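To start, the structure itself, in structure tokens.
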Amino acid sequence: MQHMQPSPVRNPYPPQMGMMPAGSLGISAGAGIGGMEMQQPSYLQPMPGRLPTDRPIVKLSVSLIDTYKEINRVYYREREARRAARQAAAQQQQQQQQAEASSSNQPSNQLGPGTQNNGWDDDNFDYIITPNEVILDRYIVHKRIGKGSFGQVIQAFDKKTNKEVAIKIIKSKRPFLMQARTEIELLTLLNNNDPEDQNNIGEPCCRF
């Protein structure tokens with residue numbers, strides 16, 4: 001029986017094909033395909049001195065509720081400051097008018113207890129409601145039943161039709177007046193396309 005000796009294991013990677021440093025092949029570390037230079041990707045760096053929680057991506061995602069709360073706080077703080085400034089200016093104007101009226105022995109233009117619109121409106125330019133007041137010698141005011149950004153809604157009794165009606169009173173400022181006209185046009189358009197009132201839109205009786 002012949003004895004066979006194992007042959008040495010052959011190295012599949014000859015020395016001349018082994019791994020060599022990039023510099024020995026004449027290839028720079030930043031080189032790309034075909035010897036073209038490849039730029040390293042640039043990343044946005046955080047603003048120096050800004051906390052991680054103050055980043056916009058955090059404010060608009062994880063801390064979105066807190067962001068809305070802060071916006072509300074700033075809005076209401078500025079609104080109160082504007083209201084206080086209007087009140088101070090209105091009081092100063094009222095005192096000046098009273099002084100001028102007393103000095104000239106002429107009646108003042110102030111027709112109501114309010115601070116805006118010759119006394120008819122309050123600080124927010126909303127009409128001051130007086131129960132049992134008669135508007136246009138036709139509508140007897142009962143009470144206010146709603147209030148919004150553009151005005152308020154009151155319940156009244158129409159002496160002409162003997163029916164309860166709702167009257168929307170717009171604030172006495174031009175932007176709100178323009179918005180009210182747009183609402184009237186939209187309501188008229190909807191009513192014209194629904195003559196049988198199947199969608200319960202409601203038809204305005206008049207405007208003044």
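As the structure is a prediction and not an experimental result, all values here were calculated from the model. Numbers here simply count residues along the sequence, with the first being 1.
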Worksheet item: Between atom OH of Y68 and atom CG of L64, what is the distance when rounded to the nearest 0.5 Å?
Response: 5.0 Å
Worksheet item: Is atom CZ of R73 surrounded by more than 12 heavy atoms (other residues, nucleotides or ligands) closer than 6.0 Å?
Response: yes
Worksheet entry | Cationic N near anionic O, under 4.0 Å, R77 to E80 | no
Worksheet item: Tell me, do F157 and N162 make a side-chain contact under 4.5 Å, heavy atoms counted?
Response: yes
Item to complete: Working to the nearest 0.5 Å, report the span between CD1 of I154 and OG1 of T130.
Response: 10.0 Å
Worksheet entry | Pairwise distance OG(S149) to CD(Q179) - rounded to 0.5 angstrom | 10.0 Å
Worksheet item: Which distance, rounded to the nearest 0.5 Å, do you find between the NZ of K173 and the CG of N124?
Response: 10.0 Å
Fill in: Heavy-atom pair of closest approach, residues Q152 and I129
OE1-CG1, 3.9 Å
Fill in: Non-neighbouring partners of F150 that pass ring-ring contact (aromatic ring centres under 6.0 Å, His included), sequence neighbours left out
F176
Practice prompt. Please list, chain by chain and in numerical order, all residues satisfying side-chain hydrogen bond (donor to acceptor under 3.5 Å, both in side chains) with R79, sequence neighbours excluded.
Written response: none
Worksheet item: Atom CD in Q87, atom OG1 in T115: separation rounded to 0.5 Å?
Response: 6.5 Å
Fill in: Single-linkage hydrophobic cluster, 4.5 Å side-chain cutoff, W120 and I135 together
yes
Worksheet entry | Closest heavy-atom pair and its distance - Q116, D122 | CG-O, 3.1 Å
Worksheet item: Y139 versus V134: any side-chain heavy-atom pair under 4.5 Å?
Response: no
Worksheet item: Got more than 12 heavy atoms from elsewhere within 6.0 Å of NZ, K159?
Response: yes
Fill in: CA sep, side-chain torsions, deciding dist, call: D158, T161, side chain to side chain donor-acceptor pair (under 3.5 Å)
CA-CA 6 Å; D158 188 352; T161 61; 3.0 Å; yes
Worksheet item: How would you list all residue pairs meeting salt bridge (Lys or Arg N to Asp or Glu O under 4.0 Å) that involve residues 139-151, not counting sequence neighbours?
Response: D126-K147
Fill in: Heavy atoms of other groups near E164 CD, more than 12 under 6.0 Å
yes
Discussion item. Within the supplied structure, the quantity of interest is the number of heavy atoms (other residues, nucleotides, ligands) at a distance under 6.0 Å from I57 CD1; does it exceed 12?
Written reply: no
Worksheet item: With a 4.5 Å limit on heavy-atom distance, are the side chains of N199 and D197 in contact?
Response: no
Fill in: Side chain N192, main chain T188, donor-acceptor under 3.5 Å
yes
Item to complete: Measure from NZ or CZ of K171 to the centre of the six-membered ring of F125 and say whether it is under 6.0 Å with the direction within 45° of the ring axis.
Response: no
Discussion item. Within this structure, what is the CD-CD1 distance for the pair Q155 and I167, rounded to the nearest 0.5 Å?
Written reply: 10.0 Å
Worksheet item: Are side-chain heavy atoms of V141 and N132 found at a separation under 4.5 Å?
Response: no
Worksheet item: Side-chain contact, heavy-atom cut-off 4.5 Å: N191 with L189?
Response: no
